[in-house]
Amino acid sequence: MSALNLYDTATREVGVFSPLKPGEVSMYVCGATVQGAPHIGHVRSAINFDILRRWLTHSGYNVTFIRNVTDIDDKILQKAPQENMQWWALALKYERAFTQAFTALNVLPPTYEPRATGHITQMIELMQILIDNGSAYAPGNGDVYLEVRKLKRYLTLSRQHIDDLQPAADADERSKKDVRDFALWKAAKPGEPSWPTPWGAGRPGWHLECSAMAHAYLGESFDIHGGGLDLVFPHHENEIAQSEAAGYGFAARWLHNAWVTQSGEKMSKSLGNTLHVEVILQKVRGIELRWYLGGAHYRSMLEYSEGALSESAVAFGRIENFLKRATEILGKTPPISMSEAFTDAMNDDLAVPAGLASISENLRLGNQAITDSDASAIAVNASEIRGALSILGCDPFDSNFAGQATNDLTHALDGVIQLALKERAAARERKDFAASDSIRDGLLALGITIEDTAQGPRWSIMEKS
RNA sequence: GGUCGGAUGGCCGAGAGGCGAGGCAAGGGACUGCAAAUCCCUCUACACGGGUUCAAAUCCCGUUCCGACCUCCA
């Protein structure tokens, strides 16, 4: 079996993944700033890292997966009065919206999901270390800054040079020693929430929380730090700066997912071209949206289009249909197994598109096996498809997606349809095709499709398109 | 100005020196009373101009166009 290779943003190379501790993987992924409803770009990121996590777990690692929630920041404070809410109520409202979206898309809950506001103590401890060792300074107005010129190295992840950066818009901060210095802690303005610190009351700067929380749950060094490509600078650079200045090793490997775009442009709140998960889920099922978003390579931009989404949903339906038929023929849910082709694809920096090609091959062979009534070939291909789908988080047998499959109503419905099919069979027997077709058309009008197979007619309920 | 990504067939989307990933659509065929589903076959590529090489979509140089980040972002 091939070994897992992963890209590293820091080296810009794909290399063999070997964890710091054998058998254990520690992962920190930057989660949402809960200031609005999740759009499909947000959940794409979550899905990408969920696939990585599932693959690591499948590969035998014990994965500790931390994904934070940023529940205090400028935008949250700014939006709260607009929605006529307390900032903390707004934050929790959108945190729930994210959780709901993740559940609908079968994103596994993280091992732990720390909130920034719950880790002020750890942030103060970190700032104390940074001030004590001279890396940070408090000018006395309640702010605390990291002095970037003192760092041994800075901007190595994004490979920029400090003097080449465009001057910041807020460069007129007089209390900063250098305009590039960034805030660890922001002094509270009147009416803003604040927490007391030795340097004055205020609230966390954006970057500090991730350094503090990664340290709290994963220690001084951990295996993988992930997030969206747009976090490379400044967020991740500043996390590195804080953590390394404190003497920590921090992340051994950096993974960044690319964006969902529309007309070539990144989906973002400021552009107003966002597509909320909630809205898309009125068009396709969660499992289909996940199949679409997870199908692109995580480092490739995914150009959203409604056509591509619905095409993708149809393609997924074909796979589901095969699994359903295979299950009927085998008389049991096919067990999960992993094909070599899919394994190799995933080990090659999570080459999901190559993995999809292997699923297509399984599907073709599986359908052929149904035609040939070759039960063992049906079983092999169904199991391998299920195995691949389970890693992609799109296993239709997954209890997160099941539920709607079998219940008393379906059972009753089956009985009713069987009655109709019996009438239809009789009509076909006497070559009264007008009658048999009117039964089929009648069922179709109710959203029930009839297919005649070698094993007899089978029915299914049409999915919403 | 600095840093970085991209341009592949009608469409979507991989690949990163040699065998044309895969899917959708299209055309043909098999199966079927007809459908549906499924299978088989066929077809169309690497933005442009140079170069390196026995061999370039892939490497190098240049050009054009698109996009991202430069302290709000997944």
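Quick note: numbers below take in every heavy atom, side chains included, and nothing from hydrogens, waters or symmetry partners.
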By the 4.0 Å heavy-atom rule, please label [X] as base, sugar-phosphate, or nothing.
X	value
A:Asp452	base
A:His235	nothing
A:Asp437	base
A:Ser360	sugar-phosphate
A:Ile359	nothing
A:Thr33	sugar-phosphate
A:Gly264	sugar-phosphate
A:Ser300	sugar-phosphate
A:Gly307	nothing

Just the rounded figure in Å: distance from [atom2] of [N] to [atom1] of [X].
X	N	atom1	atom2	result
A:Ile47	B:A74	CD1	C1'	12 Å
A:Trp291	B:G23	CH2	P	12 Å
A:Tyr154	B:C70	OH	C1'	11 Å
A:Leu421	B:A36	CG	C1'	14 Å
A:His236	B:C70	NE2	C1'	16 Å

Which residues satisfy the salt bridge (Lys or Arg N to Asp or Glu O under 4.0 Å) test with A:Asp432, sequence neighbours excluded?
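With sequence neighbours excluded, A:Asp432 shows a salt bridge (Lys or Arg N to Asp or Glu O under 4.0 Å) to A:Arg430, given in chain and number order.
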Can you list every ring pair (Phe, Tyr, Trp, His ring centres under 6.0 Å) pair that touches residues 29-48 of chain A, not counting sequence neighbours?
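Listed by first then second residue: A:His39-A:His42, A:His42-A:Phe98.
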Look at the rings of A:Tyr217 and A:Tyr112 and say which category their plane angle falls in: under 30° parallel, 30 to 60° tilted, over 60° perpendicular.
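Correct class here is tilted.
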Over 60° means perpendicular and under 30° means parallel, so tell me whether A:His235 and A:His207 are parallel, tilted or perpendicular.
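Plane angle between 30° and 60°, so tilted.
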Looking only at atom [atom1], what distance separates [N] and [M], rounded to whole Å?
N	M	atom1	answer
B:C19	B:C34	P	44 Å
B:G5	B:G15	P	15 Å
B:G9	B:G27	C1'	16 Å

Counting side-chain heavy atoms from C-beta on, which of [options] comes nearest to [X]?
X	options	answer
A:Glu265	B:U71, B:A37, B:G67	B:G67
A:His42	B:A21, B:C70, B:A74	B:A74
A:Lys266	B:G33, B:A68, B:A14	B:A68
A:Leu165	B:U71, B:G23, B:A14	B:U71
A:Phe233	B:C70, B:G23, B:G33	B:C70

Any side-chain donor paired with an acceptor under 3.5 Å for [X] and [Y]?
X	Y	value
A:Thr70	A:Asn68	yes
A:Asp414	A:Trp459	yes
A:Trp199	A:Asp143	no
A:Asp73	A:Gln35	no
A:Glu244	A:Tyr154	no
A:Asp71	A:Tyr94	no
A:Glu13	A:Thr11	no

Centroid separation under 6.0 Å, is that true for the rings of A:Tyr298 and A:His256?
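Between A:Tyr298 and A:His256, which both carry aromatic rings, the centre distance is not below 6.0 Å.
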Under 3.5 Å, N/O pairs linking protein and nucleotides 39-42 of chain B:
unit_1 : atom_1 : unit_2   : atom_2 : d
B:C39  : OP1    : A:Asn367 : ND2    : 3.3
B:C39  : O3'    : A:Gln368 : NE2    : 3.1
B:C40  : OP1    : A:Arg364 : NH1    : 2.4

Pull out every stem in RNA chain B, meaning runs of 3 or more consecutive Watson-Crick or G-U wobble pairs with both distances under 3.5 Å.
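Output for stems: B:1-7 with B:64-70, B:10-12 with B:22-24, B:26-30 with B:38-42, B:47-51 with B:59-63.
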Strictly distance-based, threshold 3.5 Å: is any side-chain N or O of A:Arg149 a donor or acceptor partner for the main-chain N or O of A:Asp178?
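No: the side chain of A:Arg149 does not pair with the backbone of A:Asp178.
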Enumerate the residues from residues 253-262 of chain A whose closest heavy atom to RNA chain B is under 4.0 Å, giving them by residue number; use none for an empty result.
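Those residues are A:Asn257, A:Ala258, A:Trp259, A:Val260.
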Each nucleotide in nucleotides 4-9 of chain B should get exactly one letter: B, S or -. Can you fill that in based on protein heavy atoms under 4.0 Å?
S-----
